[in-house]
K.L.:
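Have a look at the structure that comes next, please.
What you see below is based on every heavy atom in this structure, not just the backbone, and it leaves out hydrogens, waters and symmetry mates.
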Amino acid sequence: MDPACFSESIYNLIPSDWKEPPQPPRYTSVFKTAVKDDMQKFKTAMKTMGPAKVELPSPKEFLKKHSKEKPLPPKKKFDRNEPKKPPVPLRTDHPVMGIQSEKNFINTNAADVIMGVAKKPKPIYIDKRTGDKHDLETSGLVPKYISKKDYGVTPEYICKRNEEVKKAQEEYDNYIQENLRKAAMKRLSDEERETVLQGLKKNWEEVHKEFQSLSVFIDSVPKKIRKQKLEQEMKQLEHDISVIEKHKIIYIANK
């Protein structure tokens, strides 16, 4: 074999004058310098464990002796004419002995107890089997509020609020009546509304009775269709009855 074949390489196919394309310039933010300055400024201010500059104490302001002791009261001038305290009794002085009272304390105490008004025990209640006692007056179990003069009376602010609500409702009804009159709407009376409601309920009972008379096994397409139809009718009637019962005022358009 020719030795020149072994010297061939794939890299020899690359032209010798080929050069790598230049790399595009790296993106640099225009705020880089400002952010760096701000970070350096804040980091410099936080390097110490306290203020950056602390004044050294003066050598003359040292802790002096007795500086923390409480000051004594001001000195008072001695006056010989001030009244003196009574003298201490002598050792030979003895208290007066033999003074007796003729009052019979036993009879007096017995008369006070007999004639006095009996003290009522404080009302309490026990809520546990261990005998824990609590004051009954502050427990809320004593019906003392029903004895008040204004008990059961509607407060004045509620009466005022009810009047305002009633007045607002009347104004709203008048506004609705005016708009309905312009739009040629008619309001159902209470008798008509009750008649319609009873008619819907009667129709529902008839449909429900017919639904109950269906066969137990729905094994054919006509039976399924009939069952679905009755269920839809009952559902629609229930919806209509619910709407009429919920709204006492109903308007209908004049044809």
K.L.:
Looking at residues at least two apart in the chain, or sitting in another chain, which of them share a side-chain contact (heavy atoms from CB on, under 4.5 Å) with N174?
P.N.:
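side-chain contact (heavy atoms from CB on, under 4.5 Å) list for N174, sorted by chain: empty.
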K.L.:
Within the 4.5 Å heavy-atom criterion, are E137 and K122 side-chain neighbours or not?
P.N.:
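Sidechains of K122 and E137: no contact.
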K.L.:
Enumerate the salt bridge (charged side-chain N to carboxylate O under 4.0 Å, His left out) contacts for residues 206-215, please, sequence neighbours excluded, ordered by first and then second residue.
P.N.:
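Counting only pairs at least two positions apart or across chains, the salt bridge (charged side-chain N to carboxylate O under 4.0 Å, His left out) contacts touching residues 206-215 are E210-R226.
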K.L.:
How far apart are the closest heavy atoms of I126 and K128, and which atoms are they?
P.N.:
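Where I126 meets K128 most closely, the heavy atoms are CG2-O, 3.2 Å.
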K.L.:
Can you tell me how far CG of L197 sits from CG of D190, rounded to the nearest 0.5 angstrom?
P.N.:
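Rounded to the nearest 0.5 Å, the CG-CG separation comes out at 12.0 Å.
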K.L.:
If you count every heavy atom of other residues, nucleotides or ligands that lies below 6.0 Å from E61 atom CD, does the total exceed 12?
P.N.:
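No, because the 6.0 Å sphere around CD of E61 holds 12 heavy atoms or fewer from other groups.
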K.L.:
Mind checking what makes salt bridge (charged side-chain N to carboxylate O under 4.0 Å, His left out) contact with E245, not counting sequence neighbours?
P.N.:
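E245: salt bridge (charged side-chain N to carboxylate O under 4.0 Å, His left out) contacts with K201.
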K.L.:
If you look only at pairs with a residue in residues 77-103, which of them pass as a salt bridge (charged side-chain N to carboxylate O under 4.0 Å, His left out), with sequence neighbours excluded?
P.N.:
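Not a single pair qualifies under salt bridge (charged side-chain N to carboxylate O under 4.0 Å, His left out).
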K.L.:
Salt bridge (charged side-chain N to carboxylate O under 4.0 Å, His left out) with K224: which residues, sequence neighbours excluded?
P.N.:
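If we apply the salt bridge (charged side-chain N to carboxylate O under 4.0 Å, His left out) test to K224, skipping adjacent residues, there are no hits.
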K.L.:
Return all side-chain donor-acceptor pairs below 3.5 angstrom for residues 62-73, not counting sequence neighbours, or 'none' if the list is empty.
P.N.:
from	atom 1	to	atom 2	distance (Å)
H66	ND1	E69	OE1	3.3
H66	ND1	E69	OE2	2.7
S67	OG	K64	O	2.9

K.L.:
Please list, one pair per line, the donor and acceptor atoms closer than 3.5 Å that link side chains of residues 143-170 to other protein atoms, with sequence neighbours excluded.
P.N.:
from	atom 1	to	atom 2	distance (Å)
N162	ND2	I158	O	3.3
Q169	NE2	D173	OD1	3.1

K.L.:
Under the rule for salt bridge (charged side-chain N to carboxylate O under 4.0 Å, His left out), what residues qualify as partners of D219, not counting sequence neighbours?
P.N.:
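With neighbours one apart ignored, the set is K223.
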K.L.:
Please table the atom pairs, donor to acceptor, closer than 3.5 Å between any side-chain atom in residues 232-242 and protein atoms at least two apart or in another chain.
P.N.:
from	atom 1	to	atom 2	distance (Å)
Q236	NE2	D240	OD1	3.2
E238	OE2	W204	NE1	3.2

K.L.:
What about V30 and V35, same hydrophobic cluster or not, with Ile/Leu/Val/Met/Phe/Trp/Tyr joined at side-chain heavy-atom distances under 4.5 Å?
P.N.:
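Hydrophobic grouping puts V30 with V35.
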K.L.:
Shared ILVMFWY cluster between I250 and L200, side chains joined below 4.5 angstrom?
P.N.:
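Same cluster: I250 reaches L200 through Ile, Leu, Val, Met, Phe, Trp or Tyr contacts under 4.5 Å.
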K.L.:
How about I249: does its CD1 atom have over 12 heavy atoms from other parts shown lying under 6.0 Å from it?
P.N.:
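For I249, atom CD1 is crowded (more than 12 foreign heavy atoms under 6.0 Å).
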K.L.:
Are L230 and L214 side-chain neighbours, meaning at least one heavy-atom pair lies under 4.5 Å?
P.N.:
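Result yes, sub-4.5 Å side-chain heavy-atom pair found.
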K.L.:
Check which hydrophobic residues are tied to I225 through side-chain heavy-atom contacts below 4.5 Å, counting indirect links as well, and list them.
P.N.:
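I225 shares its hydrophobic cluster with V221.
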K.L.:
Which Ile, Leu, Val, Met, Phe, Trp or Tyr residues join V142 in one cluster when any pair of side-chain heavy atoms under 4.5 Å counts as a link?
P.N.:
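The other cluster members (ILVMFWY side chains, heavy atoms under 4.5 Å, direct or chained) are Y125, L136, L141.
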K.L.:
Which residues satisfy the ring pair (Phe, Tyr, Trp, His ring centres under 6.0 Å) test with F211, sequence neighbours excluded?
P.N.:
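If we apply the ring pair (Phe, Tyr, Trp, His ring centres under 6.0 Å) test to F211, skipping adjacent residues, there are no hits.
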